[in-house]
Amino acid sequence: MMTDKRLDLEYLLQSDIIGKLIPSIGKEQWQPLYVSGDSQPDRFGLFCALLTEAAATQALEHDGWDIMIGEGLPGFSQGWSGGKKQTTYHRFGGSGGVRPLVVYREFHGAYPSYVEVCEEFRHYHNLAEDPNRRVLLDFDRSGYEIEVARIGPKQVDAKLRYLKEFQAGTGLYLGIYIDSVRYSNLSIDDIPKDLHEVVHTEKQLRYLRNVSKTGHFGEKYSTFSRLLVTVVMPPPPQEGAGIWPYEANDQDNEVSFVTGVNDSGYNVEHTSNPAKLGNYFGANPGASHYLTPIYFRKEVLTKYYADPDRYTVSDGNLSCLGLWGCRIDNDHSAHVVVFLGDLGRDLPYEERLHWKQFNVPPEGGVSETNFKRSFLAQWAAPKAPDLVFRQEYAHLSKAWEKSQGWPLFLRAEAGDAHLIETVRVPVTNSQSELDEQILTLTKLVVDSLNEKELASRGGAGAPGDKGITKLEIFLKGTGFAQATSVTQFLRDLQALRSSGSGHRKGERYATIVAALGADLRRKPEIMSRLLEEATAALGALGLHHCPDYRTVGSGG
């Protein structure tokens with residue numbers, strides 16, 4: 001029984017708020033800015049305000065809130081001066097030096113009330129608002145969401161880092177206010193007299209706790225306590241503002257890459273920070289040159305191929321939405337090559353860490369394509385089978401529709417729009433990756449055939465004829481000498497697709513691969529051959545059906 005009384009006393013004295021909640025303010029990742037925690041008969045409220053330095057000083061000199069929930073909206077004040085009534089407009093209401101950070105919007109029953117975070121904070125960090133999830137969002141250098149504020153009907157929390165940066169930029173203090181009332185059946189005689197009223201002050205904290213009899217308004221309870229708290233969080237130095245010209249410098253987190261090997265065969269690394277690299281104008285003598293080629297296993301691109309809505313891997317370039325882009329040499333036969341300075345200048349820090357995992361010593365020089373483009377300033381067509389196929393596919397699609405008046409390949413549905421950007425030579429020797437790429441290629445050149453137009457121009461075929469047969473009839477009708485070889489390739493491709501990861505690879509699978517001149521054990525080689533065959537087929541179709549057509553490899 002004594003234990004219960006002790007716990008009741010701690011609850012009435014609000015020891016948990018004083019001992020745990022107050023010390024946590026401004027110390028944890030998420031900072032509560034608004035809490036409405038009424039649970040009859042007890043009540044708990046937390047609110048906040050932005051304060052000037054003078055207002056912050058005054059806030060610690062009295063007990064109570066400097067702004068009430070619902071206050072801080074624009075309005076006027078009136079007074080008399082020189083015998084005349086003066087009307088003054090106040091952007092944040094009539095409280096000098098006090099501004100709302102969270103605004104409670106009340107419409108008195110005409111519309112549901114709600115809370116919002118002030119416009120300046122949202123605009124300062126350029127935050128997006130997700131109205132369905134009721135969160136404010138920032139985005140990292142690769143476009144991934146960062147939750148900055150969570151806005152509920154009874155609570156608003158914000159990430160401390162963003163609050164501190166906003167304070168640093170504006171120079172404003174952040175006041176956190178608590179008003180907590182608790183009831184108890186303890187007798188007033190059970191509470192030591194020196195605890196009936198406690199005023200506690202520190203440099204950035206003040207609280208008042210009163211314990212009293214309930215009197216006539218609390219028939220069910222004997223005593224109650226009220227705790228009024230003010231915590232003032234000062235702004236950090238302006239250098240911590242987090243936005244230009246004080247945003248974090250990505251180069252402060254340097255990442256080094258392998259530039260060669262020493263006499264003992266061990267890797268030699270150098271930072272990718274452009275400010276510490278040599279160039280053709282004499283900067284940083286003895287340092288590695290900005291244009292030092294750095295080599296990576298092709299698997300480095302798997303991450304980007306797997307998320308085509310965010311990343312685009314094209315001929316000579318890797319990009320992320322509209323956020324960043326980096327020149328890459330992906331026409332190299334064995335590796336992906338990037339210049340050392342481009343790694344440091346163009347890739348975010350987190351991306352450089354990703355690339356470092358796949359870094360290998362230099363081997364074989366840059367591709368001929370990259371050399372011509374980067375050092376000779378010459379136009380150069382890619383040679384990698386996947387890059388060539390992508391260009392030929394786009395080139396034929398455009399030329400065919402222009403000359404024939406209808407598209408040979410239907411435009412991809414929304415869910416397949418990424419296929420042309422992700423069809424590739426596998427970056428691993430995985431059978432599942434090969435199966436996936438065969439499926440992608442088949443969707444592009446077989447499933448996307450414009451069967452309706454082919455049938456209307458090729459003449460009626462047998463009932464149930466599929467796309468490849470309709471194409472064959474059309475091609476033969478146009479006198480295309482390679483009609484049989486092109487359509488046979490498409491049938492073989494479809495057969496390989498049918499033997500995908502969910503099926504056993506049969507004799508026909510091995511026969512088709514052998515006919516390609518590829519080794520069953522070398523999955524990238526199989527896809528390379530398929531892409532080369534597909535590119536040749538597209539080029540032949542274009543040369544026969546599109547006037548003045550030139551294949552990509554010939555500079556078209």
Side-chain angles (χ1 to χ4, degrees), residues 140-142 239 244-304 311-320 322-384 387 427:
D140 68 12
R141 288 285 305 277
S142 293
E239 289 74 17
W244 189 90
Y246 301 114
E247 69 265 68
N249 185 354
D250 229 13
Q251 295 303 333
D252 291 341
N253 300 313
E254 295 189 10
V255 179
S256 60
F257 293 92
V258 179
T259 57
V261 295
N262 60 22
D263 293 342
S264 300
Y266 291 103
N267 292 341
V268 174
E269 296 188 356
H270 195 282
T271 179
S272 56
N273 186 342
K276 298 182 179 180
L277 298 178
N279 58 29
Y280 292 120
F281 304 99
N284 300 309
S288 292
H289 196 280
Y290 184 104
L291 296 178
T292 302
I294 307 299
Y295 293 73
F296 304 89
R297 299 195 305 275
K298 284 185 175 286
E299 291 94 319
V300 70
L301 297 179
T302 301
K303 164 185 173 178
Y304 307 108
Y311 302 105
T312 300
V313 183
S314 56
D315 176 20
N317 192 67
L318 166 66
S319 62
C320 174
L323 296 168
W324 55 262
C326 183
R327 293 176 296 176
I328 63 174
D329 180 4
N330 54 340
D331 203 37
H332 194 281
S333 60
H335 299 97
V336 177
V337 184
V338 186
F339 292 129
L340 181 60
D342 288 346
L343 288 165
R345 184 190 67 182
D346 298 332
L347 289 180
Y349 171 66
E350 294 78 7
E351 298 299 330
R352 277 179 265 145
L353 292 179
H354 167 74
W355 281 72
K356 187 172 178 64
Q357 302 172 77
F358 301 91
N359 192 195
V360 296
E363 183 180 352
V366 300
S367 69
E368 180 183 358
T369 304
N370 188 44
F371 182 80
K372 288 181 177 179
R373 293 173 179 175
S374 299
F375 296 99
L376 302 181
Q378 295 179 357
W379 179 88
K383 295 183 178 181
L387 300 179
V427 296

Please identify each residue that fulfils side chain to side chain donor-acceptor pair (under 3.5 Å) with Y349, with sequence neighbours left out.
none
Would you tell me whether S142 and E351 have side-chain atoms, one donor and one acceptor, within less than 3.5 Å of each other?
yes
Mind checking whether F296 and H332 have ring centres under 6.0 Å apart?
no
Salt bridge (charged side-chain N to carboxylate O under 4.0 Å, His left out) contacts touching residues 280-294 (sequence neighbours left out)
none
Within the side chain of N359, is there an N or O that forms a donor-acceptor pair under 3.5 Å with the backbone of Y295?
yes
Does any non-hydrogen side-chain atom of V261 lie less than 4.5 Å from one of Y266?
no
Would S374 and F339 count as a side chain to side chain contact (heavy atoms under 4.5 Å, CB included) if you check the C-alpha gap in whole Å, the side-chain angles of each, and the deciding distance to 0.1 Å?
CA-CA 10 Å; S374 299; F339 292 129; 3.6 Å; yes
Heavy-atom closest pair, residues Y304 and W355
OH-NE1, 2.9 Å
List for me each residue that meets salt bridge (Lys or Arg N to Asp or Glu O under 4.0 Å) alongside E269, sequence neighbours excluded, and say none if there are none.
K356
Hey, could you give me the CG/OG distance between N273 and S256, rounded to the nearest 0.5 Å?
11.5 Å
Set of side chain to side chain donor-acceptor pair (under 3.5 Å) partners for T292, sequence neighbours left out
none
What pairs with Y290 under ring-ring contact (aromatic ring centres under 6.0 Å, His included), at least two apart in sequence or on another chain?
none
Can you run down the side chain to side chain donor-acceptor pair (under 3.5 Å) pairs that involve residues 276-286, sequence neighbours left out, and say none if there aren't any?
E254-K276
Tell me the closest heavy-atom pair linking P382 and L387, and the distance in Å.
CB-CB, 3.8 Å
Quick one: side chain to side chain donor-acceptor pair (under 3.5 Å) partners of S288, sequence neighbours excluded?
none
Residue pair T369 / D331, side-chain donor-acceptor N/O under 3.5 Å:
yes
For a side chain to side chain contact (heavy atoms under 4.5 Å, CB included) check, start with the C-alpha distance between I328 and V337, then their side-chain angles and the critical distance, and finish with the verdict.
CA-CA 6 Å; I328 63 174; V337 184; over 6 Å; no
Using the side-chain contact (heavy atoms from CB on, under 4.5 Å) definition, which of the options V300, V255, L347 pairs with H354?
V300
One should read off an interatomic distance between D342 CG and L291 CG, to the nearest 0.5 angstrom, of 7.5 Å
Check whether any side-chain heavy atom of H289 sits under 4.5 Å from a side-chain heavy atom of L340, and report yes or no.
no
Let me confirm one number: the CZ-NZ distance from F358 to K303, rounded to the nearest 0.5 Å.
9.5 Å
Rounded to the nearest 0.5 Å, the CG atom of N370 sits from the CG atom of L376 at a distance of 10.5 Å
Are W324 and D346 close enough, and set up right, to give a side chain to side chain contact (heavy atoms under 4.5 Å, CB included), and what steps lead you there?
CA-CA 7 Å; W324 55 262; D346 298 332; over 6 Å; no
G341 versus P274, closest heavy-atom pair with distance:
O-CG, 3.8 Å
Take atom CD in E299; do more than 12 heavy atoms of anything else shown fall under 6.0 Å from it?
yes
Looking at V336, is its backbone amide N or carbonyl O close enough to the side chain of D329 to form a donor-acceptor pair, meaning the two atoms are under 3.5 Å apart?
no
Test ring-ring contact (aromatic ring centres under 6.0 Å, His included) applied to F371 - qualifying residues, sequence neighbours left out
F375
May I ask you to test the C326-V338 pair for a side-chain heavy-atom distance under 4.5 Å?
yes
Side chains of H270 and L277: closer than 4.5 Å at any heavy-atom pair?
yes
Can you list the residues that meet the salt bridge (Lys or Arg N to Asp or Glu O under 4.0 Å) rule with K298, with sequence neighbours excluded?
none
Tell me, do V268 and V258 make a side-chain contact under 4.5 Å, heavy atoms counted?
no
Not counting sequence neighbours, which residues clear side chain to side chain donor-acceptor pair (under 3.5 Å) with E368? List them please.
K372, K383
Under the salt bridge (Lys or Arg N to Asp or Glu O under 4.0 Å) test, which residues partner D315, sequence neighbours left out?
R373
Using the side-chain contact (heavy atoms from CB on, under 4.5 Å) criterion, which residues pair with D263? Sequence neighbours excluded.
none
